[in-house]
Amino acid sequence: MPIRAVFFALVLSATLGGCDQIKSWFAGKPDIVYAPYGKDFASKPDLAQVEYEHPIPSAELIKVTPKYLAGLNQEQLDQLYARLGSGPIPNGPFDGEIVFSRGGTGKLRAAEIVGGLAGLGLNLKGKLLETAGETLWKGKVFYRDEKVLRNRIEDLAVLRPVIGPGDIPKIAVDGKDAWLLFPAKLYCGQSLIDSRRESIIIDYAFTDDIPGYRERPDFLAGRRGLKVRDEIRMVRPGLYLGRAYMDHAFILNFVLYNKDLDRAGRAEFEAGQVRDTCWSGTQKRIVATR
């Protein structure tokens, strides 16, 4: 194709589809350094030392995308997460994407961790959990002032036998409806992987205390069910990296993204003016200026 035609196509794409996609093509891969490690646990580097030796410049965090995160292995995801601060507690709807580390099986480990759902009074197996996690879950909605969160579920067909009849509250995001289920409480608390500073905690332990709670299926995430506890830290405004646990056992990584907040907060983030809501610890977080 002639160079002139290529240039015209780029200009047309920018006009019709906006400039964000064009920028993403030329943004480049983040230049983030990861400390060396081996296969055994004893070879894993100290996270505080990783941050001291390899601080991440804000200019490189700007380049991070869910696709980049999906290309990392679990040790790299852990090292990246440990170098992040909590950022502000989010507010409003965020799109969600499960990030299975490179080399992983691509499946949820819920059945392995909890041995299925025997004893919960439901014939709900690991396969259904995989379907719900990979296909039905579309993100989260944060109600910052209320310190509450709810999960966006796109299709109730699979869960309807568990839920039973009745109306479910919903939300429209980008013209698509999603049902709001599995409420959780929001607060700042200790990270289960990096105790040097706090993360934003999404806690389902006492979900039955939240207004609008439905016994089925909401109890599944709570203390009488799978005992889910998420924690998130900010990559940049509008983009958060999360870790999900069941009964304190790590299950998977996930990404939360709000494109409008990402655009609106970039200048402030690049200027170093975005502050953590949660305790940043006694060891000051290192932010490279490059």
Side-chain angles (χ1 to χ4, degrees), residues 44 46-48 50-51 56 61 69 74 77-94 96 98-99 109-110 113-114 133 137 139-152 181-213 218-258 261 274-287:
K44 306 297 183 185
D46 178 76
L47 295 175
V50 172
E51 183 171 21
I56 305 176
L61 290 176
L69 295 171
Q74 191 58 55
L77 286 165
D78 293 349
Q79 289 188 25
L80 174 58
Y81 183 87
R83 286 177 281 179
L84 301 175
S86 72
I89 293 178
N91 193 40
F94 278 69
I98 293 174
V99 176
R109 296 195 299 127
I113 299 300
V114 300
W137 181 70
K140 299 178 184 290
V141 182
F142 293 83
Y143 302 89
R144 184 167 56 200
D145 292 342
E146 302 171 29
K147 298 295 191 294
V148 168
L149 168 145
R150 300 178 193 277
N151 284 273
R152 292 163 49 196
L181 291 167
F182 305 110
K185 294 188 176 182
L186 284 173
Y187 57 85
C188 293
Q190 187 179 54
S191 167
L192 293 181
I193 186 175
D194 174 32
S195 60
R196 296 171 303 137
R197 64 178 66 99
E198 290 184 331
S199 294
I200 298 167
I201 307 302
I202 301 169
D203 191 353
Y204 298 84
F206 292 93
T207 184
D208 49 331
D209 290 344
I210 299 174
Y213 167 83
D218 292 344
F219 94 97
L220 287 172
R223 64 189 182 280
R224 293 181 292 108
L226 297 175
K227 302 177 183 177
V228 178
R229 178 190 187 271
D230 298 337
E231 59 177 77
I232 62 173
R233 286 182 177 176
M234 185 191 75
V235 177
R236 62 178 180 270
L239 178 63
Y240 287 76
L241 176 59
R243 299 172 58 84
Y245 294 82
M246 288 183 181
D247 200 13
H248 293 83
F250 173 71
I251 300 296
L252 54 83
N253 316 279
F254 61 92
V255 171
L256 297 173
Y257 182 62
N258 181 306
L261 293 178
V274 177
R275 298 289 178 259
D276 294 341
T277 297
C278 303
W279 181 60
S280 57
T282 56
Q283 179 184 357
K284 184 176 177 61
R285 179 171 170 248
I286 301 172
V287 180

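With hydrogens and angles left out, the side-chain atoms of Ser86 and Glu198 include no donor and acceptor closer than 3.5 Å. Looking at Asp194 and Tyr81, their side chains never bring a donor and an acceptor atom within 3.5 Å of each other.
From Asp78, atom CG reaches atom NZ of Lys44 across 8.0 Å, with rounding to the nearest 0.5 Å.
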(request) Take Asp208 and Arg224 through the test salt bridge (charged side-chain N to carboxylate O under 4.0 Å, His left out) and record every step on the way to the result. (result) CA-CA 10 Å; Asp208 49 331; Arg224 293 181 292 108; 5.0 Å; no
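Stacking of Lys140 on the aromatic ring of Phe254 is recorded, both the 6.0 Å distance cut-off and the 45° axial limit being met.
Across all their heavy atoms, Leu84 and Arg197 have their closest contact at O-NH1, 3.4 Å. Between Tyr240 and Pro90, the shortest heavy-atom distance links the atoms CZ-CG, 3.6 Å. Scanning all heavy atoms of the two residues, the minimum distance from Leu69 to Leu77 falls at O-CD2, 3.7 Å.
Annotation: Phe142 is in aromatic contact with Phe94 [ring centroid separation under 6.0 Å].
The pair Glu231-Arg233 fails the salt-bridge criterion, with no side-chain N (NZ, NE, NH1 or NH2) lying under 4.0 Å from an Asp/Glu carboxylate O.
Contact annotation: the side chain of Leu47 approaches that of Ile193 to within less than 4.5 Å [non-hydrogen atoms, C-beta and beyond].
At least one donor-acceptor pair under 3.5 Å links the side chain of Asn91 to the backbone N or O of Arg144.
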